[in-house]
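To start, the structure itself, in structure tokens.
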Amino acid sequence: MSKPKSAVVLAVILAVVTGLAASATPADPIRIAYIDPLSGPFAATGESGLNQFRYAVEAINKAGVVPGRPLEIVPFDNKVSPQESLI
């Protein structure tokens, strides 16, 4: 295929993909689990880490790093127990 034809084909493909992406419905957020002690004697450490992750996700969402799919942190309290972490 000659260079002008391949450039036209590439332009058409990009236009179609862009059109499909623009017409797509918003998808569910990408959920990231945060498992740490959120109760008991180490709750302050867990809450601090959770706040740091929430701040980072807020900055990522504001910058639009993942177009059309916002990130979301889902906290889980493991109660300083490996068994609770597995559950």
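Counting from 1, the numbers follow the sequence of the chain as shown. Because the structure is a prediction, the values reported are computed rather than measured.
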Qualifying residues under side-chain hydrogen bond (donor to acceptor under 3.5 Å, both in side chains), relative to S81, sequence neighbours excluded:
Q83

Interatomic distance, I32 atom CD1 to I60 atom CD1 [nearest 0.5 angstrom]:
7.0 Å

Find the distance between OG1 (T45) and CG (L38) and round it off to the nearest 0.5 Å.
10.5 Å

Shortest non-hydrogen contact from I35 toward S85
CG2-OG, 3.9 Å

Write down the atom of P37, the atom of V80, and the distance for their closest heavy-atom approach.
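Heavy atoms of P37 and V80 come nearest at CB-CG2, 3.5 Å.
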
Does anything in residues 73-87 pair up under salt bridge (charged side-chain N to carboxylate O under 4.0 Å, His left out), and if so which pairs, sequence neighbours excluded?
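Qualifying pairs: K79-E84.
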
Name all pairs fulfilling the salt bridge (charged side-chain N to carboxylate O under 4.0 Å, His left out) condition that reach into residues 61-75, sequence neighbours left out, sorted by first residue then second.
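For residues 61-75, and leaving out neighbouring residues, the salt bridge (charged side-chain N to carboxylate O under 4.0 Å, His left out) pairs sorted by first residue read R31-E72.
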
side-chain contact (heavy atoms from CB on, under 4.5 Å) partners of N61, counting only residues at least two apart:
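Applying side-chain contact (heavy atoms from CB on, under 4.5 Å) to N61 gives V57, P70, L71.
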
Please list, chain by chain and in numerical order, all residues satisfying side-chain contact (heavy atoms from CB on, under 4.5 Å) with S48, sequence neighbours excluded.
Q52

Quick one: ring pair (Phe, Tyr, Trp, His ring centres under 6.0 Å) pairs with a partner in residues 30-86, sequence neighbours left out?
Y34-F53

Please test D36 against L50 for side-chain contact (heavy atoms from CB on, under 4.5 Å), starting from the C-alpha separation and ending with a verdict.
CA-CA 8 Å; D36 218 13; L50 178 60; over 6 Å; no

